[in-house]
Amino acid sequence: MITLPQSALTIITSFQKAGFECYAVGGSVRDLLLNLPTKGWDFTTNATPEQILGLFPDSFYDNQFGTVGIKIRKETNNKDTEPELEDIYEVTTYRSEEGYGDHRHPDKITWGKTLTEDLSRRDFTINAIAFDGKNLIDPYNGEADLSSKLIRTVGNAGDRFREDALRMLRAVRFAARLGFAIEGASAAAINEHAALIQKISAERIRDEFLKILTAEHAADAVLVLKNLGLLHFILPELEESFATPQKSPKRHHIYDVGTHSVMAMKFCPSTDPIVKLATLIHDLGKPKTFRKDAAGVITFYNHEVISARIAKSVGSRLRLSRKQTDLLITLVRWHQFSVDERQTDSALRRFIRRVGKENLAHILALRIGDRLGGGATETSWRLELYKKRLDDVQKLPFTVADLQVNGHDVMSIFDVPPGRIIGEVLDLVFTEVEKGTLANERETLLAKLKELKQNWPKTD
Ligand code: ATP
Ligand code: MG
């Protein structure tokens with residue numbers, strides 16, 4: 001027995017009193033039946049947007065999606081101030097959609113007359129159940145698929161994926177989140193139509209893919225993407241890396257690069273989609289750097305440099321923001337950091353500067369995934385010691401900003417405007433001060449700057 005929250009019932013009753021039909025539908029009903037927390041309620045009705053606006057004073061029309069938003073406000077006893085906004089419920093008029101010339105958008109949307117018509121345009125049986133608080137309307141047996149844990153299209157799978165190719169990724173996303181399998185005919189149709197995903201904008205692919213990576217069953221889902229032929233169009237470098245073996249004498253690796261990548265992503269404890277993605281692609285430079293010596297020992301020298309290049313192109317292909325791309329590249333580029341206890345404090349500081357203080361937790365999460373995904377234990381005394389030293393080193397307040405000279409000194413001595421050179425010069429000076437070969441005293445450092453200026457640009 002399932003019950004709707006009071007606020008949802010109130011909305012449905014208001015429609016019914018005015019002579020309209022109204023049902024909760026889609027993800028909210030699905031999650032309610034699965035006893036999962038619902039995020040956002042969606043309703044469908046035979047009232048037109050104008051009629052809905054007339055019924056609810058606190059509502060607005062979102063033209064782009066043809067949806068009316070109804071503002072739900074918190075209960076309050078204070079009559080003088082407007083109660084706080086609690087949620088926005090989305091109400092969509094019954095629709096039917098026709099002709100999908102571009103494999104994504106219907107050429108024509110018309111208001112539908114019946115609920116059944118509206119349910120028939122929805123993607124999966126589990127998303128096509130309607131509920132008015134009393135009756136479940138479930139013409140496609142979505143409830144049965146919920147109990148058999150199956151993602152199955154409404155109607156003919158091939159037709160539905162040809163209409164809107166994004167549905168192929170939505171199928172994998174729901175499977176990833178719910179731990180469901182994609183039903184046979186639906187899976188076969190994805191396999192057949194995988195190439196149509198190229199019709200979908202990179203932004204939409206990015207959104208679905210990042211949601212897949214943070215879902216509970218992300219690792220299985222990436223393998224499903226591979227098996228259904230979608231991965232090839234999203235992350236071909238990953239697909240190819242399954243052909244690169246790593247098992248060799250003197251090496252701890254047990255998996256090929258692709259399997260290791262997926263396992264590392266699975267065990268990476270972060271909830272940040274970019275950290276998950278970084279973990280998934282951190283080793284993708286390996287196929288290009290693969291070497292096997294006479295004794296059969298496999299190496300991948302400097303693979304992280306190639307991986308970072310791949311990270312850059314993945315960032316632009318998936319239209320990640322500048323900030324997301326920078327994070328992706330940084331984590332991938334420096335993922336090989338050593339936790340050797342013999343490292344000096346200044347080596348640790350260099351690492352912190354490269355990765356950025358704010359990203360240390362991210363790169364440690366990548367390392368944990370990398371270890372677990374390679375068959376090692378979650379941590380080691382070395383890693384624990386390293387983490388502690390990272391904390392300790394950061395307590396010592398010493399960065400470029402603590403130098404007794406600053407950017408203005410560099411600009412005036414070098415007679416240059418603001419630009420990259422300033423950071424480069426300060427870094428040089430900082431390195432020497434940190435090593436102890438130069439004292440952090442203003443006169444000494446100004447003299448050093450003048451000396452550097454004589455020999456600039458460096459010729460080595
Ligand atoms: P989530 O919990 O991720 O929001 P959801 O099922 O609510 O899942 P939405 O994208 O919010 O998914 O869409 C709401 C409903 O609209 C879906 O449940 C489905 O019935 C329908 N729908 C959404 N996108 C499509 C699509 N591309 N093709 C067909 N029906 C769709
Ligand atoms: Mg939703």
Side-chain angles (χ1 to χ4, degrees), residues 8 23-45 62 64-70 87-100 102-109 112 115-131 136-143 145-146 150-180 186 189-190 193 196-197 199-201 203-218 221 273:
Y23 297 87
V25 72
S28 37
V29 177
R30 176 198 68 221
D31 291 344
L32 190 66
L33 286 164
L34 286 171
N35 210 4
L36 293 174
T38 37
K39 10 170 237 165
W41 285 87
D42 292 316
F43 299 87
T44 186
T45 176
D62 186 334
Q64 197 191 344
F65 298 103
T67 298
V68 176
I70 300 181
D87 203 353
I88 290 177
Y89 286 179
E90 302 201 330
V91 188
T92 314
T93 306
Y94 293 163
R95 307 182 184 175
S96 72
E97 298 172 349
E98 277 169 62
Y100 286 79
D102 64 356
H103 301 286
R104 172 68 192 118
H105 305 98
D107 302 332
K108 198 171 147 209
I109 300 179
L115 174 66
T116 332
E117 210 175 334
D118 184 84
L119 294 177
S120 72
R121 71 166 173 96
R122 295 179 180 267
D123 47 7
F124 304 111
T125 60
I126 61 168
N127 288 343
I129 309 174
F131 185 48
L136 272 181
I137 319 293
D138 182 16
Y140 301 100
N141 296 320
E143 244 195 311
D145 285 337
L146 282 177
L150 284 178
I151 310 292
R152 181 198 310 267
T153 56
V154 167
N156 179 276
D159 291 347
R160 303 313 308 280
F161 294 131
R162 275 191 299 274
E163 283 173 5
D164 179 0
L166 186 70
R167 289 175 187 150
M168 299 191 285
L169 275 184
R170 286 175 58 87
V172 180
R173 164 161 62 95
F174 290 121
R177 191 196 313 152
L178 304 172
F180 282 22
S186 299
I190 295 179
H193 294 97
L196 281 181
I197 200 69
K199 302 277 180 190
I200 301 299
S201 76
E203 289 79 0
R204 301 302 299 255
I205 293 178
R206 169 199 64 206
D207 292 350
E208 293 295 330
F209 189 55
L210 293 183
K211 281 185 194 167
I212 289 172
L213 294 187
T214 47
E216 191 180 338
H217 305 274

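Nothing fancy with the numbering, it's 1 onward along the sequence. Start at 1 and go down the list; that is how both ligands and their atoms are numbered.
For ligand 1, residues of the protein lying within 4.0 angstrom by heavy-atom distance are Gly26, Gly27, Arg30, Lys39, Asp42, Arg104, Arg121, Arg122, Asp123, Asn127, Asp164, Arg167, Arg170, Arg173, Phe174, Arg177.
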What verdict does the side-chain contact (heavy atoms from CB on, under 4.5 Å) test give for Ile126 and Leu34, after you've listed the backbone C-alpha separation in whole Å, the side-chain angles of each residue and the deciding distance to 0.1 Å? CA-CA 10 Å; Ile126 61 168; Leu34 286 171; over 6 Å; no
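Judged by distance alone, the side chain of Ser96 and the main-chain N or O of Gly112 form no donor-acceptor pair under 3.5 Å.
Taking the centre and axis of the six-membered ring of Phe180, the NZ or CZ atom of Arg30 falls outside the cone set by 45° and 6.0 Å.
Of the charged side-chain nitrogens involved, none lies within less than 4.0 Å of a carboxylate oxygen, so that Arg206 and Glu203 do not count as a salt-bridged pair.
Asp42 pairs by the salt bridge (Lys or Arg N to Asp or Glu O under 4.0 Å) definition with nothing, not counting sequence neighbours.
The aromatic rings of Tyr89 and Phe43 are tilted relative to each other, their planes meeting at an angle between 30° and 60°.
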